Protein chains: 2
Amino acid sequence: MINKNSPIPIYYQLEEKIKGQIEQGELQTGDMLPSEREYADHYAISRMTVRQAISKLVNDGYVYRKKGTGTFVAEKKIEQPLQGLTSFTEDMKARGMTASNRLIHFKTIPASTYVAHSLNIPVDSPVYEIQRIRLADGVPMALETNFLSATLVQGLSEEVVQSSLYDFIENKLNKKIGHATQIIESSIVNETEMELLEVKKDSPVLLIERKTSLEDGTPLELVKSSYRADRYRFIINMERN
Amino acid sequence: MINKNSPIPIYYQLEEKIKGQIEQGELQTGDMLPSEREYADHYAISRMTVRQAISKLVNDGYVYRKKGTGTFVAEKKIEQPLQGLTSFTEDMKARGMTASNRLIHFKTIPASTYVAHSLNIPVDSPVYEIQRIRLADGVPMALETNFLSATLVQGLSEEVVQSSLYDFIENKLNKKIGHATQIIESSIVNETEMELLEVKKDSPVLLIERKTSLEDGTPLELVKSSYRADRYRFIINMERN
DNA sequence: TAGTGGTCTAGACCACAAG
DNA sequence: TTGTGGTCTAGACCACTAA
């Protein structure tokens, strides 16, 4: 079951194996896992390698350790939330819906003070502004506006925007996305949103402003979205310290 | 600087030391850290111990590793978000405000179907229901209702509720909080909220439903809150996969 | 080629939990 | 007392990066 000659790291093989056993029900909630020494003996690997595998599972909330007692399968989390950073497309897919776009505009503009500050670039330097209606199963779900530095993200086109922006950044530009900070607030639709989102006057919306950064902390993207409150709820999972 | 005879683990001492250097500016954004081997030599500890310290820092987003190159200080995150799970009191403190409560009611009720399902207990089993107005600097910020199983959390009283619920659970009952799942939506105030939150008719509110679980996954608490949209924004940080 | 992080080993001693 | 996870050592080889 564990291939020591595989280029896939042993700890990762073991991690996936245990995760699979939990998902398949072979290991049930509350069950004690074999001890680290048992895993080590059984697969003829070092205990430190076993610990590396289990540590990942602890981090992801699949299992928890009890000092002096053992390692146990944790209860499953209720609704699967956004696992870290997801694009709108991935988010909708996870909710069982199909995402599509309606491009409102794609242009290059000089950075406003706020955008420049957010992206940590000079005021008036070129910025891509992309505005789209995001649809789920054909129904308007959100109005989204993205701002990206045209200096950092070169070669962006309407075609790329219509497919996957994150794919382009991660695979074509070879930049690794690190983390995002999101500010979520509640509001009432304005005139533009009312028309584009096809809702009544004074309907509530969820405003989400996301600032995404690369692994080294360089600001990559500023996104402002207005989600229809009647069709969208934001779900997140927060782990203990 | 590193005390090998201290009961405090070496990896933790090193982790705190490096974190301090980053916060004090001795190590600046983009700076390369000494290599793992240098740390090991310098403090006469094993490289694996150094890795353990640095891994924590990578997880927390302080530094990032570049294969074959080195470890670097990441850019600081913009606004400090809720670091994992925080209580209302801690949250307000982080925002530079003082929190206070106005207890609406504290009672024991039979669990409704929804509450029973959320807390994974039988319908009609006893549940504490606590409703409070949460104030920041004396101004109403949110209306919050908590539901806790009276079987799991025994001995809860009005006094405890007035001070710190989490302190009571973690230190008196000795139960470790694990994670929480939150559902965030946008809405318009109802009559009750309008009066208690002292806002006008049709004002927007941020609805947050939080389900908190213990380390082993046992549901601990269900909280439903309505935050005034004009005074509260929810800020979160999401890390890469 | 030299240096870095990524992975792995085969031990060791400790504190803690449970019988 | 036995078994568990928590910490730590002193090596090793690998793939990758940069000079």
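Note that the structure is a prediction, hence the values are computed from the model and not measured. Reminder, nothing fancy here: chain letters follow the sequence lines and each chain counts from 1.
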B:N146 and B:E221: CA distance, side-chain angles, deciding distance, side-chain hydrogen bond (donor to acceptor under 3.5 Å, both in side chains) verdict: CA-CA 7 Å; B:N146 306 58; B:E221 181 195 31; 2.8 Å; yes
Minimum-distance nucleotide (side-chain atoms of A:K67 versus C:dT4, D:dC16, C:dC16): C:dC16
Any A:R51 side-chain N or O less than 4.0 Å from OP1/OP2 of D:dG6: yes
Rounded distance (Å) that lies between atom P of C:dT9 and atom CG of A:D41: 12 Å
Rounded distance in Å - OH (A:Y64) to P (D:dG6): 13 Å
Spacing of A:I8 atom CD1 relative to C:dG6 atom P, expressed in whole Å: 18 Å
Side chain of A:Y11 (C-beta onward), nearest among C:dT4, C:dC16, C:dC8: C:dC8
Length of the CZ-P vector between B:R47 and D:dC13, whole Å: 14 Å
Atom NZ of B:K19: over 12 foreign heavy atoms under 6.0 Å: yes
Ring centres under 6.0 angstrom apart (B:F147, B:Y128): no
Separation of atom CG in A:L14 from atom C1' in C:dT7, rounded to whole Å: 14 Å
A:S46 vs C:dC8: side-chain N/O to OP1/OP2 distance below 4.0 Å: no
Any N/O donor-acceptor pair, B:R37 side-chain to C:dG5 base, under 3.5 Å: yes
Options C:dA12, C:dT9, C:dA17, nucleotide nearest the side-chain atoms of A:T49: C:dT9
Nearest to side-chain heavy atoms of A:S35, which nucleotide of D:dT4, D:dA12, C:dC8: D:dT4
Among C:dT9, C:dG5, D:dT9, the one nearest B:I45 by side-chain distance: D:dT9
Integer-rounded Å distance: D:dT7 P and B:Q52 CD: 6 Å
Parallel, tilted or perpendicular: rings of B:Y43 and B:Y39 (30°, 60°): parallel
Donor-acceptor pair (no angle test) under 3.5 Å: A:R65 side chain, D:dG6 base: no
Atom-to-atom span, OH of B:Y39 to C1' of D:dC8 - whole angstrom: 19 Å
Nearest-angstrom distance from the residue atom CG of A:L33 to C1' of D:dG3: 16 Å
Options C:dT7, C:dC8, D:dG6, nucleotide nearest the side-chain atoms of B:M48: C:dC8
Under 3.5 Å donor-acceptor, A:S55 side chain and A:R51 backbone: yes
5' priority, DNA chain C, between A:T69 and B:E36 [closest heavy atom]: B:E36
